Amino acid sequence: MARTSPTVRVLLFASARQAVGRSSLDWPVPSSGVLAEELVRRLGAEFPKLKPTLRTSRFVRNGRYLGNGRTLVRPGDEFAVHPPYGGG
Amino acid sequence: MTSLRSTRRTEAVDLPVLLTAHPLSVAHAMRTLEVEGAGGVVLFAGRVRPGRTRAGRVVALDYEVHRAPALARLQELERDSRRRFRARQVVLWHRVGRLGVGEVSVIVGVATPHRAEAFAAARYLIEELKSVVPIWKTERARPGRRPRRRPSRRAGR
């Protein structure tokens, strides 16, 4: 019986959404989690068009901004890619 | 806050912070800023301006938001302005969804004891809002007079 693999819900906004063509992804991760910087690297490898956006984006895990890429992202987490803002 | 809520208002919002798909009212924002002890009120309204892109004439902007962190950031800005500029009342309202040219996309207002603080606070708040609040806009354009042969494709997506 195949078990559902653990995933992170990746939210994509603005140019990140346009690069991937979707506003969210269920991204498989090890059950022990993955470092944010590794997750970002893998997203860039999977979606080459997303790479330039990732370089200028901020990242938000479960509603909190990441200070650096060493944060562990666990299955069930929400991980948002925020390209530069443009409100107003 | 409590005194504000208890006075004369019939509309739903007299909140300092708001993200909404509904049209924003400058008049309503002004009423929200009419608080005791505030001798200076500065109110800024940002509107969708006409323009051109390579795709044609801008007819609308689509605003999207990551709501929870956006609200948290707006609330931080509100607290900030009360502390730094002695703001008695603040309005940080942003509209989301599709807005046509001329519509109000953002209202930043501040009521302080004196005018200098009100101007400084309003400037601070709009600049911060643009740089730290997760809101994005995408231009929607309509091809101009010279529609190059693009049979059934619409501008944008």
Side-chain angles (χ1 to χ4, degrees), chain A residues 7-27 29 36-37 39-40 43-44 47-88, chain B residues 17-20 24 43-49 51 53 55 58 61-77 91-97 99 103-109 122-140 155-157:
Chain A
T7 56
V8 166
R9 169 56 61 95
V10 178
L11 303 181
L12 302 160
F13 294 92
S15 57
R17 174 173 42 72
Q18 288 158 5
V20 173
R22 298 176 58 179
S23 58
S24 69
L25 302 165
D26 287 322
W27 188 261
V29 293
E37 61 191 14
L39 174 58
V40 169
L43 285 168
F47 303 102
K49 281 189 196 165
L50 184 60
K51 267 188 182 175
T53 297
L54 290 172
R55 279 197 281 274
T56 57
S57 289
R58 283 172 262 202
F59 304 100
V60 179
R61 177 182 153 270
N62 296 340
R64 297 185 70 110
Y65 285 84
L66 297 190
N68 61 61
R70 307 297 294 172
T71 301
L72 191 65
V73 184
R74 297 174 186 280
D77 282 353
E78 184 185 88
F79 186 82
V81 178
H82 282 190
Y85 303 145
Chain B
V17 161
L18 181 69
L19 293 168
T20 179
L24 299 176
L43 193 149
F44 169 83
R47 299 169 67 218
V48 177
R49 65 172 180 267
T53 67
V58 174
L61 292 180
D62 285 342
Y63 284 91
E64 63 183 301
V65 61
H66 190 183
R67 184 169 284 271
L71 283 171
R73 285 258 157 122
L74 288 170
Q75 283 157 358
E76 280 170 31
L77 288 179
V91 161
L92 291 167
W93 294 352
H94 207 297
R95 192 159 163 209
V96 295
L99 277 71
E103 289 195 86
V104 174
S105 57
V106 62
I107 298 179
V108 166
R123 184 61 193 256
Y124 170 80
L125 287 170
I126 185 64
E127 300 301 339
E128 285 294 300
L129 182 151
K130 289 170 85 75
S131 68
V132 306
V133 180
I135 297 173
W136 302 266
K137 56 176 169 268
T138 307
E139 289 165 331
R140 312 290 299 195
R157 284 151 294 119

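Side chains are part of it too, since the values below use all heavy atoms of this structure and drop only hydrogens, waters and symmetry mates. Below, chains carry the letters A, B, ... as their sequence lines are ordered, and counting in each starts from 1. Bear in mind the structure is a predicted one, so any value in this text is a computation, not a measurement.
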Contact class of [X] relative to chain A, heavy atoms under 4.5 angstrom:
| X | answer |
| --- | --- |
| B/R73 | side chain |
| B/H66 | both |
| B/V65 | backbone |
| B/S105 | side chain |

Determine the option with the most heavy-atom pairs under 4.5 angstrom with chain A, choosing from B/I107, B/V133, B/V48.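 Most heavy-atom pairs within the cutoff with chain A belong to B/V133.
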
Max heavy-atom pair count under 4.5 Å with chain A, selected residue of B/L129, B/V132, B/V106, B/I126: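 Between B/L129, B/V132, B/V106, B/I126, the count favours B/V132.
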
Heavy-atom proximity to chain B below 4.5 Å, by part of A/P84: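 For A/P84, backbone heavy atoms alone lie under 4.5 Å from chain B.
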
Restricting to ring pair (Phe, Tyr, Trp, His ring centres under 6.0 Å), what partner residues turn up for A/W27, sequence neighbours left out?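 Result, ring pair (Phe, Tyr, Trp, His ring centres under 6.0 Å) vs A/W27: none returned.
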
Which heavy atom of B/A70 sits nearest to which heavy atom of B/L19, and what is that distance?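 So the minimum-distance heavy-atom pair works out to CB-CD1, 3.8 Å.
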
Do you know the tightest heavy-atom contact between A/H82 and B/P134?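 Nearest pair, atom of A/H82 first, then B/P134: CE1-CB, 3.4 Å.
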
Is it the case that over 12 heavy atoms from other parts of the model lie below 6.0 angstrom from the CZ atom of A/R74?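 Not buried by this count: 12 neighbours or fewer within 6.0 Å.
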
Is A/D77 salt-bridged to A/R9, cutoff N-O under 4.0 Å?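 Here A/D77 does not pair with A/R9 in a salt bridge, since their nearest N and O are not under 4.0 Å apart.
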
All N/O donor-acceptor pairs, side-chain side in residues 63-72 of chain A, below 3.5 Å, sequence neighbours left out:
residue : atom : partner : partner atom : Å
A/Y65   : OH   : A/Y85   : OH           : 2.9
A/N68   : OD1  : A/R70   : N            : 2.7
A/R70   : NH1  : A/E37   : OE2          : 2.5

